[in-house]
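One structure below.
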Amino acid sequence: MFKRLENENEEQFLWRLGQAKDNGLVDFSWEEIADIMNKEFRDDVTEYRNESAYRKVYQSAKKLFEANV
C-alpha cells in the first residue's frame with residue numbers, strides 16, 4: 001500500500017508512514033515500518049536498521065513538531 005513518492009526523501013517518507021500509523025490510516029507495527037523503510041532506502045541487508053532506529057527518529061520529530069519548534 002505504502003510506496004515512496006517521487007522525490008520523497010527518507011525523512012519525509014518516515015514522517016508520512018508515522019503519521020498514517022498515528023492517525024489509524026494503517027495498522028503497521030514499527031517492525032513492518034522498518035521493513036518498508038529498509039527495502040526503500042537500503043541496498044545491502046547489512047545496512048538494515050531495526051524498528052527502534054526509525055521509531056525514535058519519528059517520535060523525536062513528532063515531539064518537536066507538536067512543540068512548534
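As the structure is a computational prediction, the values presented were derived from the model and not from experiment. Values below: all heavy atoms of this structure, side chains included; hydrogens, waters and symmetry mates excluded.
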*side-chain hydrogen bond (donor to acceptor under 3.5 Å, both in side chains) against D43, all qualifying residues, sequence neighbours excluded*: none
*List for me each residue that meets side-chain contact (heavy atoms from CB on, under 4.5 Å) alongside N7, sequence neighbours excluded, and say none if there are none.*
none
*asked:* Checking the side chain of N50 only, and the main-chain atoms of A53 only, is there a donor and an acceptor separated by less than 3.5 Å?
replied: yes
*Residues in side-chain contact (heavy atoms from CB on, under 4.5 Å) contact with E51, at least two apart in sequence or another chain*: W30, E31, A34, R55
*Considering residues at least two apart in sequence or located in another chain, which fulfil the salt bridge (charged side-chain N to carboxylate O under 4.0 Å, His left out) criterion with E8?*
R16
*Could I get the full list of side-chain hydrogen bond (donor to acceptor under 3.5 Å, both in side chains) partners for Q12, not counting sequence neighbours?*
none
*List, by chain and then residue number, the residues other than Y48 in its hydrophobic cluster (Ile/Leu/Val/Met/Phe/Trp/Tyr, side-chain heavy atoms under 4.5 Å); write none if there are no others.*
V45
*Which heavy-atom pair separates L17 from M37 by the least distance, and what is that distance?*
CD1-SD, 3.7 Å
_All pairs passing side-chain hydrogen bond (donor to acceptor under 3.5 Å, both in side chains) where residues 59-69 contributes a residue, at least two apart_ = D22-K62
_Can you list everything that forms a side-chain hydrogen bond (donor to acceptor under 3.5 Å, both in side chains) with E10? Sequence neighbours excluded, please._
R42, R49
*Are the side chain of D44 and the backbone of T46 linked by a donor-acceptor contact shorter than 3.5 Å?*
yes
*In chain order, what residues pass the side-chain hydrogen bond (donor to acceptor under 3.5 Å, both in side chains) check against Q19, with sequence neighbours excluded?*
Y58
